[in-house]
Structure formats: structure tokens, C-alpha cells
Asker: 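Okay, handing you the structure first.
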Amino acid sequence: MENSNQEWHSEQLRVNRVVAEIDRQLTALQQQVGNLRGEIIDIRKNFWEDVTVNFDDPHEAAETYASLKQQAEVLSERERSHRHALLRHQALLRLRQSPYFGRIDFREEGSNHSEQIYLGISSLLDQDELNFLVYDWRAPVSSLYYDYPPGPAQYETPGGTIYGTLDLKRQFIIRDGKIQSMFDTGITIGDELLQAVLGKQADTQMKSIVATIQKEQNQIIRNERSQLLIVQGAAGSGKTSAALQRVAYLLYRYRQTLQAEQIVLFSPNPMFNSYISTVLPELGEENMQQTTFQDYLERRLGDHFHVEDPYTLLEFALTAADKPGYAARMESARFKASPDFMQLIEQYAASLGNTGMVFHDLRHRDEVLISASEISELFYRQDPALNLPNRMRLLAEQLLRRLQEREQAEQEKSWVEDEIELLDKDAYTRAYQQLRRERRGTQDSFDDYAREQEILSRYVVRQTFKPIQQQIKQLAFINMPAIYRKLFADPSAIRHHAGLIEQLHYWPDICAQTIARLDNGELPYEDATPYLYLQELIEGFRRNTTVRHVFIDEAQDYSAFQFAFLRHLFPRSRFTVLGDLNQAIQPFVPGEFAPLMERFKPEQIEMLRLSRSYRSTRPIVEFTKGLIPGGEAIEPFNRDGNKPTLISCRNQSDLIQKICQLITRLQTEPYQTIAVICKTADESKLAYEALREQLPVQLVEKNATTFKPGVLIIPSYLAKGIEFDVVILFNASAEQYGDEMVRKLFYTACTRAMHELYLCYRGELSPFVKALPPDTYVRMP
């Protein structure tokens with residue numbers, strides 16, 4: 001409802017008072033920041049002057065250490081205070097522009113008067129630091145704003161549930177300290193505020209949504225019960241936004257015990273990481289760890305293989321159907337992503353305890369110190385009842401002892417004298433100091449030169465043996481590539497697992513393809529996780545027990561094998577999994593959350609569904625929801641706009657010309673991003689070469705980390721999770737989008753559009769569009 005002029009005036013006066021208090025605090029903070037910066041500079045400049053350094057005398061050395069420690073602690077405390085003051089200064093600057101976005105009047109049970117509570121992105125106390133002028137949106141009481149209309153309401157606190165009545169809910173749009181809009185509402189978030197936010201142009205960075213969080217999103221953000229929280233949300237339903245606000249909430253709620261580096265987000269690609277990178281800093285929080293699953297694989301395996309990425313495999317799936325070996329590769333990708341292959345790997349690893357393990361020779365200066373056969377003999381002498389990682393650790397200890405035994409014999413060899421001649425002055429000094437230590441308190445009863453040579457010989461051998469010691473400690477004597485290759489090259493390696501591969505039509509071809517690529521130093525994408533899992537089963541899992549929360553975005557494209565591996569990797573973490581099964585674009589992944597759910601107890605799991613789509617206008621959502629089975633469950637937000645437009649083209653030349661004309665017209669509108677979405681990277685390159693002759697365009701490739709506003713040419717799969725003002729589908733023909741396998745890819749591409757959607761096509765239109773009611777789109781005359 002509209003507010004009276006008097007109420008408006010009263011609220012603006014309050015805004016003025018709050019802004020004045022912010023200005024006062026900013027001035028005080030500026031002085032504090034300046035003083036702290038000066039102190040830090042002085043401490044660093046005079047650090048050594050304020051410390052007495054003496055390491056010769058033991059007593060003086062202890063005093064020196066204490067003095068250094070004290071000075072370092074003072075510096076560290078000043079730096080922490082400076083960093084905290086800077087962060088608060090930045091938060092106040094943001095708060096000054098828009099001090100708050102909501103007000104609730106809450107009357108606690110048993111009380112006769114309501115408390116006025118104003119909500120913003122950060123808390124603000126008055127000058128006396130007694131009363132809250134603004135409550136942080138993450139505070140327990142703030143949940144009333146998101147969860148209840150006026151009437152009976154309650155909220156949870158660490159001390160228990162608070163009951164009462166919500167007498168008023170008011171929403172504001174405040175810019176530069178001026179109220180632009182103000183309205184009372186009986187629903188969670190009024191459409192007026194959402195219209196104002198969603199009607200804006202897209203940006204190259206995702207923005208915070210704290211002012212427009214919906215009740216169902218708030219349930220995601222404040223969930224503290226579940227070990228596994230699954231969010232199945234329609235395209236544009238705010239899954240990722242809610243997840244980022246959830247990170248901010250967790251950092252606020254557990255600020256004494258949870259740090260940003262204890263939270264990790266697995267996102268679909270590096271560009272997406274850049275897209276979301278400003279959300280948490282906007283809320284005054286540090287970014288959590290951000291990575292992709294591919295980055296993790298390459299970090300672990302990149303020294304030994306060229307690890308194929310999922311987009312290369314997807315490109316193959318989309319473009320190589322007529323090439324030899326296609327069916328075998330697709331069957332390989334599906335099988336190796338499945339629980340069946342995981343079971344095969346586990347059984348294979350168990351069998352290696354009895355036979356089949358492969359090792360490297362340990363070599364030194366082109367000579368075998370300990371042969372692979374010796375290592376194998378040592379390994380299989382061990383108690384087979386021990387698990388493989390424990391046996392490997394025992395084996396490493398035995399090898400280190402063997403290496404130590406070889407040191408004495410190696411010192412007598414001629415190469416050692418040659419190396420001694422090449423030693424630098426520092427090495428000689430160390431030998432001399434060791435000689436002095438050994439002679440202290442003894443008579444000169446030996447030849448100094450002979451003893452010096454002995455010390456230098458031992459030093460030279462130890463230095464050259466160090467890399468071998470490191471190799472043993474890192475278990476690098478295990479020939480993992482050969483062990484994994486054997487699974488496909490040696491029929492005896494899988495004779496006990498034949499039941500798992502009887503269902504496959506192309507197992508011999510799968511083996512041949514895998515061996516050829518391994519021998520070429522390549523690890524196919526579908527083999528990377530199984531290879532790493534087998535390595536962990538043999539060497540022991542490198543579990544990360546410091547990470548407390550794992551977020552997985554676009555989780556519908558993760559395989560059962562990958563889910564299981566991540567659960568092994570982060571055994572003590574809570575998981576928040578975000579996805580849309582209607583956007584499962586990897587044809588070799590079934591696109592379901594059940595495999596991950598099997599890794600948790602039923603009572604630890606909660607699934608929340610987001611069915612309302614906010615990204616696109618109502619006409620676009622009405623169009624796109626018809627592209628997928630079950631799409632009728634998706635609710636469009638009531639934001640008006642143009643219907644999607646179909647543009648028929650005679651040939652390729654006509655297609656390029658019409659797209660250029662369309663873009664030229666759209667550039668007269670206040671749009672920031674116009675995306676020409678192609679099916680594949682190859683098609684994107686063709687479109688880019690054709691369009692760049694007439695327009696300034698950017699080609700977005702799989703290694704891109706950012707993009708700028710303007711006209712983008714992008715493959716469909718790289719656009720996932722990102723939104724654009726306008727989307728132009730480069731070729732929505734039956735030739736490109738006629739196979740059922742690409743239906744979800746087509747849906748994903750269309751749902752990137754916020755304000756306008758155009759589908760160009762040559763020849764016959766995609767059957768996905770032809771099946772839609774004609775009143776959901778228009779045709780360009």
C-alpha cells in the first residue's frame with residue numbers, strides 16, 4: 001500500500017539521522033586507520049632497532065627470541081586492527097549509499113509495544129553503542145522479514161524460540177541517502193521491489209540479493225540442520241545467489257569458529273568464479289575458496305598427464321557422432337562415471353594386495369639402486385591382512401633403510417671425488433664446522449685431511465640421495481600409470497570382475513582407446529576420477545578435514561563417481577548441492593542427486609525446491625518451460641516483456657546479415673550484455689569470424705576467466721549459470737537441435753535471457769520449438 005506524505009517525511013528524517021551517524025563513524029574510522037597505518041610503518045621501520053640480537057650465548061639467544069616474538073605480536077595485533085578497521089570502513093561506505101532496505105515492527109509475546117527493527121547489509125549501533133540503528137540481515141530477528149507476513153510470527157535464537165506478532169513490514173529503495181520508494185506489504189517481498197531489482201540490466205558480476213530474498217531462499221540460507229542440503233531449482237530461481245548468501249550467513253553466524261578458507265565452492269568454470277567473485281565482498285565478507293573440479297584434477301594429475309576437460313568430451317559428444325569409435329567412447333564415458341566402475345576399481349585395488357602391483361626402479365646416476373622386482377618382492381612379503389596404504393608406508397620405511405645402507409658403499413665410488421672438487425665454499429665451511437664439533441674435547445689423533453674427505457663424501461652422497469628419499473616418502477616408486485593401464489591391457493586383471501563388463505557392447509574398443517591415450521600421455525576426462533580414486537586406494541586418501549562446508553554448483557553434471565570421490569575427500573564437511581536436473585547437459589551423466597544421497601543417512605538430508613523463476617520475463621519463461629517435460633511446474637515471476645522472436649533465414653549469409661541488423665538495433669537500447677549463443681565451440685568460432693567483420697564482438701572460450709560488457713559469442717555450455725540482457729540463439733534449427741540428447745542444452749541456452757530472446761534458424765526449425773503453442777512466441781516479419 002502507499003504511505004502518507006507524513007510517514008514518508010518521518011522515514012526520510014530517520015534516514016538522515018542514520019546517514020549522519022555513519023558519517024561520524026566514518027570520520028572516526030579514517031583517523032583510526034591513519035593512526036594504525038602510521039604505527040605499523042614505524043614498527044616495521046624500527047623493528048630490528050627495538051630488538052637486541054645475540055645468538056652466541058644460550059641465555060641471550062632465549063632473550064632474543066622472546067624479544068622478537070613480542071615485537072612480532074605487537075606488529076601482528078596492529079595489522080589485524082588495521083585490517084578490521086578497513087573492512088568496517090568499507091562496510092560503512094556501502095551502508096551510507098543505502099542504509100537499509102526493510103523495516104519490521106515486532107511485538108514480543110507479553111509486551112504491549114512493538115520494536116522497530118530496520119534491516120541492512122551490515123549492523124550499525126548508535127553513538128553510545130547501546131541501540132541498533134540497523135540490524136544485519138543475517139541476525140536471528142531479521143528472519144522475520146523474510147519468513148512472515150504481518151500477524152503471528154516467531155524466530156529462532158541461540159537461547160530458544162521467540163514468539164510474537166509482526167505488526168508492520170515495510171520495504172524501501174534508498175539511493176544516496178534518499179528514499180526513492182517505500183511501501184508496506186502483506187507478503188514476503190513485495191513485487192514492487194523485485195520489479196525494481198529484476199528490471200535492471202545484466203552485469204558482468206553477480207549482485208547481492210539480500211533485499212529480495214524470498215521465504216524459500218531464506219530456508220536455504222539459514223539451514224543449520226542438514227549434513228546434505230540439496231537445492232533443486234528451476235533456471236533463474238536464485239539457487240546460486242541463495243548459496244552465496246548462505247556462505248555470508250554461515251560466516252556471520254559462526255564468526256568465532258568458521259573462517260572463509262574453511263568453505264570451498266566447486267563451480268562450473270573459471271568465468272563463473274569471476275562472475276560471482278564480488279558478492280561476498282559486497283557483504284563485507286572474504287571470499288571462500290573457489291575452484292572447479294577440473295582444476296582439482298589437474299592440480300593432482302597434471303604433472304603426469306594432459307588431463308582432458310569436460311568441455312572437450314562434450315564437444316566430442318555433440319560433433320563426432322559420425323566418426324569411428326564414437327559409440328565406444330560414449331559407452332566408456334557412461335560406464336566410467338558409474339557406481340559399477342567404481343566397484344570394479346575397488347575390487348581391482350583389493351586384488352592388487354595379492355598380485356599385479358607395478359613399481360618403478362629406484363635409480364641413481366643411471367644405475368639401478370633398488371629394482372622394481374626387489375620392491376615388489378618386499379611388498380608381497382608383508383602381511384596381506386594389512387590394507388594397501390599401510391603396506392605402502394611400511395614398504396617406504398624398508399626402502400629408506402635400504403637406501404641408507406647403500407650410502408656407505410656409494411661413498412667409495414670415483415664419482416664422489418669428482419663431485420667434491422666441484423663443491424662450493426659453503427659446503428666446505430659446513431664440513432669444517434662439523435669437523436670442529438667432532439674434535440671438541442678430543443686429542444688430534446687422526447688425519448684431518450682424511451676425516452675431511454670422509455665428511456665431504458658423506459655430504460655429497462646424501463645430497464644426491466635426497467631426491468630419491470623424497471621420491472620414496474611420496475610413494476613415487478609406485479608405477480600408477482602402469483597399474484591403471486593394466487586394468488585395460490591385461491585380461492587377467494579383470495577376470496574376477498567380468499560380471500560388471502558383460503553388459504558393455506564395446507569393452508575391447510574401450511580398452512584399446514584408453515590404452516592408446518594413456519600411452520600418449522593423455523588422461524580422458526572420464527578416467528581422471530577413477531584413476532585418482534585407485535591411487536588413493538593404494539596410497540591412502542588425502543582427506544581434507546579442515547574444510548567445514550562444501551558447495552557444489554551445477555551439480556546435475558557431476559557423476560556418481562565424482563560425488564563419491566568428493567565425499568571421501570571432505571569426510572567432515574557439510575554439503576550444499578545446487579542444480580537443475582532440467583539443465584543436465586552432459587550426455588554421459590544421468591543427472592541425478594541419488595548417488596550423493598546414498599553417502600549420507602536419510603535423517604541428514606534435506607531437499608528444497610525452487611520453482612519460481614526470477615531471471616527472465618514472464619513471456620520468456622512461458623516459452624522456455626514448454627521445452628522440457630514437467631516444465632509446467634515452473635512459475636514465472638510477473639515481469640512483462642516481449643515474447644521470444646523466431647527469425648527464419650534462407651542461408652548462412654542471410655543468417656549473419658539478420659543477426660548483425662538485430663544486434664545493431666539492440667545496441668540502441670540500454671542493454672549491457674548481448675549474447676550470441678552457439679551450440680559448440682566450433683560453431684562459436686565460425687560465428688565470431690563472420691560477425692567480427694561487421695561488429696565489435698568478443699569470443700568466449702573455455703579458458704576465459706572474465707568477460708566484458710558488449711556482444712559475446714559463447715558456446716551453450718559455457719553460458720551455464722550466467723545471465724544476459726539479450727540472448728540470440730545462433731542457429732535453432734532442427735539440424736543443430738533435433739536430437740533428444742540436446743534438449744536440455746537447448747533449454748539451458750534459452751533460459752540465459754533476462755529481457756529478450758531471439759532464435760535464428762536456417763531450414764527447418766528445431767522440433768523442441770515446433771511443439772510449443774504458437775502463442776508463446778512471435779515470428780519476425
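Along the sequence shown, the residues carry numbers beginning at 1.
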Asker: Can a donor-acceptor pair be found between the side chains of Asp340 and Gln503 at a distance below 3.5 Å?
Answerer: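 Per modelled atom types, Asp340 and Gln503 side chains form a pair under 3.5 Å.
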Asker: Quick check against the 3.5 Å criterion: does Gln232 have a side-chain atom that pairs as donor or acceptor with the backbone of Leu581?
Answerer: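 At least one qualifying donor-acceptor pair exists.
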Asker: Roughly how far, to the nearest 0.5 Å, is CG of Leu729 from CG of Leu757?
Answerer: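 Interatomic distance, Leu757 CG to Leu729 CG, rounded to 0.5 Å: 7.0 Å.
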Asker: Between Lys679 and Ser684, is there a side-chain donor-acceptor contact under 3.5 Å, judged purely by atom types and distance?
Answerer: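 The criterion, which ignores hydrogens and geometry beyond distance, is not satisfied for Lys679 and Ser684.
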Asker: Answer yes or no on whether Arg329 is positioned over the face of Phe316, meaning its NZ or CZ is under 6.0 Å from the six-membered ring centre and within 45° of the axis.
Answerer: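 Yes - Arg329 lies over the ring of Phe316, closer than 6.0 Å to its centre and within 45° of its axis.
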Asker: Under the ring pair (Phe, Tyr, Trp, His ring centres under 6.0 Å) rule, collect the residues that match up with Tyr761, sequence neighbours excluded.
Answerer: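 Listed in chain order: nothing, the list is empty.
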Asker: Side-chain contact test, heavy atoms from C-beta onward, threshold under 4.5 Å: evaluate it for Glu315 versus Tyr717 and give yes or no.
Answerer: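 Counting from C-beta outward, Glu315 and Tyr717 do come under 4.5 Å.
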Asker: Contact between Val778 and Asn642 at the side-chain level, heavy atoms closer than 4.5 Å - yes or no?
Answerer: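 Sidechains of Asn642 and Val778: no contact.
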Asker: Under the side-chain contact (heavy atoms from CB on, under 4.5 Å) criterion, do Gln694 and Ile656 qualify, and how do the steps go?
Answerer: CA-CA 10 Å; Gln694 303 181 53; Ile656 296 298; 3.9 Å; yes
Asker: Could you give me the CA-CA distance, side-chain angles and deciding distance for Thr751 and Val727, then say whether side-chain contact (heavy atoms from CB on, under 4.5 Å) is met?
Answerer: CA-CA 9 Å; Thr751 54; Val727 165; over 6 Å; no
Asker: Strictly by modelled atom types, are Ser653 and Asn651 linked by a side-chain donor-acceptor pair under 3.5 Å?
Answerer: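 Absent: no donor and acceptor within the cut-off.
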Asker: Return yes if a side-chain donor-acceptor contact under 3.5 Å exists between Thr240 and Asp553, otherwise no.
Answerer: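 Looking only at side-chain atoms, Asp553 and Thr240 do form a donor-acceptor pair, the distance falling under 3.5 Å.
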Asker: Measuring from Phe746:CZ to Asp739:CG, what's the distance to the nearest 0.5 Å?
Answerer: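 So the CZ of Phe746 and the CG of Asp739 are separated by 13.5 Å.
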Asker: Within the distance-only criterion (no hydrogens, no angle test), does the side chain of Ser332 pair as donor or acceptor with the backbone N or O of Ala328 below 3.5 angstrom?
Answerer: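 Checked: no pair found.
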Asker: Looking only at side chains, do Asn703 and Glu701 share a donor and an acceptor under 3.5 Å apart?
Answerer: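 Short answer, no.
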Asker: Between the side chains of Lys336 and Thr514, does any donor sit under 3.5 Å from an acceptor?
Answerer: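 A donor-acceptor contact under 3.5 Å links the two side chains.
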Asker: Taking atom types as modelled, is there a side-chain donor on Glu592 or Gln556 under 3.5 Å from an acceptor on the other?
Answerer: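 Note: Glu592 and Gln556 side chains miss the donor-acceptor criterion.
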Asker: Report yes or no: does Lys239 contribute a side-chain atom to a donor-acceptor pair with the main-chain N or O of Ala234 at less than 3.5 Å?
Answerer: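 Looks like yes, one N/O pair under 3.5 Å.
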Asker: For Phe305 and Tyr531, I'd like to know if the aromatic rings sit close, meaning centre-to-centre distance below 6.0 Å.
Answerer: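 Judged by ring-centre distance (under 6.0 Å), Phe305 and Tyr531 do meet the cut-off.
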Asker: For the residue pair Gln513 and Tyr506, confirm or rule out a side-chain donor-acceptor distance under 3.5 Å.
Answerer: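 Looking only at side-chain atoms, Tyr506 and Gln513 do not form any donor-acceptor pair under 3.5 Å.
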Asker: Which residue in the set Gln586, Lys720, Gln583 passes side-chain hydrogen bond (donor to acceptor under 3.5 Å, both in side chains) when paired with Asp557?
Answerer: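 Only one of Gln586, Lys720, Gln583 forms a side-chain hydrogen bond (donor to acceptor under 3.5 Å, both in side chains) with Asp557, namely Lys720.
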Asker: Verify the ring-centre separation between Tyr533 and Phe561: is it less than 6.0 angstrom?
Answerer: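 When the ring centroids of Phe561 and Tyr533 are compared, they turn out to be within the sub-6.0 Å range.
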Asker: State, with a plain yes or no, whether a side-chain heavy atom of Leu566 is found less than 4.5 Å away from one of Val550.
Answerer: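 They are not in side-chain contact.
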Asker: Output all residues satisfying side-chain hydrogen bond (donor to acceptor under 3.5 Å, both in side chains) with Thr680, sequence neighbours left out; order by chain, then residue number.
Answerer: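 Residues passing side-chain hydrogen bond (donor to acceptor under 3.5 Å, both in side chains) with Thr680: none at all.
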Asker: Verify side chain to side chain donor-acceptor pair (under 3.5 Å) between Tyr296 and Arg300, making sure each step is shown before the conclusion.
Answerer: CA-CA 6 Å; Tyr296 175 77; Arg300 291 290 306 275; 2.7 Å; yes
Asker: What's the separation between atom CZ in Phe563 and atom CE in Met597, rounded to the nearest 0.5 Å?
Answerer: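 Here the rounded value is 11.0 Å.
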Asker: Does the side chain of Arg612 come within less than 4.5 Å of Gln214's, by heavy atoms?
Answerer: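 Yes, their side chains come closer than 4.5 Å.
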Asker: Distance only, no hydrogens: is a donor on one side chain within 3.5 Å (strictly under) of an acceptor on the other, for Arg517 and His306?
Answerer: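 Result is no, nothing qualifies.
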Asker: I'd like to check Pro629 versus Arg743 (side-chain heavy atoms, cut-off strictly below 4.5 Å). Are they in contact?
Answerer: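 They are in contact (side-chain heavy atoms under 4.5 Å apart), so the answer is yes.
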Asker: Rounded to the nearest 0.5 Å, what's the gap from OH on Tyr484 to CG on Asp527? Could you check?
Answerer: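 So the gap between those two atoms works out to 3.5 Å.
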Asker: Could you measure the distance from the OG1 atom of Thr576 to the CZ atom of Phe551? Nearest 0.5 Å is fine.
Answerer: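 Taking OG1 in Thr576 and CZ in Phe551, the distance rounds to 4.0 Å.
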Asker: Kindly indicate whether the side chain of Phe724, heavy atoms from C-beta on, has any atom under 4.5 Å from the side chain of Met754.
Answerer: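 When only atoms from C-beta onward are counted, Met754 and Phe724 do not touch, as no gap falls below 4.5 Å.
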Asker: Do Glu622 and Thr776 have a side chain donor and acceptor closer than 3.5 Å?
Answerer: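 Glu622 vs Thr776: no donor-acceptor pair found between side chains.
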Asker: Between atom SG of Cys660 and atom CG of Leu695, what is the distance when rounded to the nearest 0.5 Å?
Answerer: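 One gets 4.5 Å once the value is rounded to the nearest 0.5 Å.
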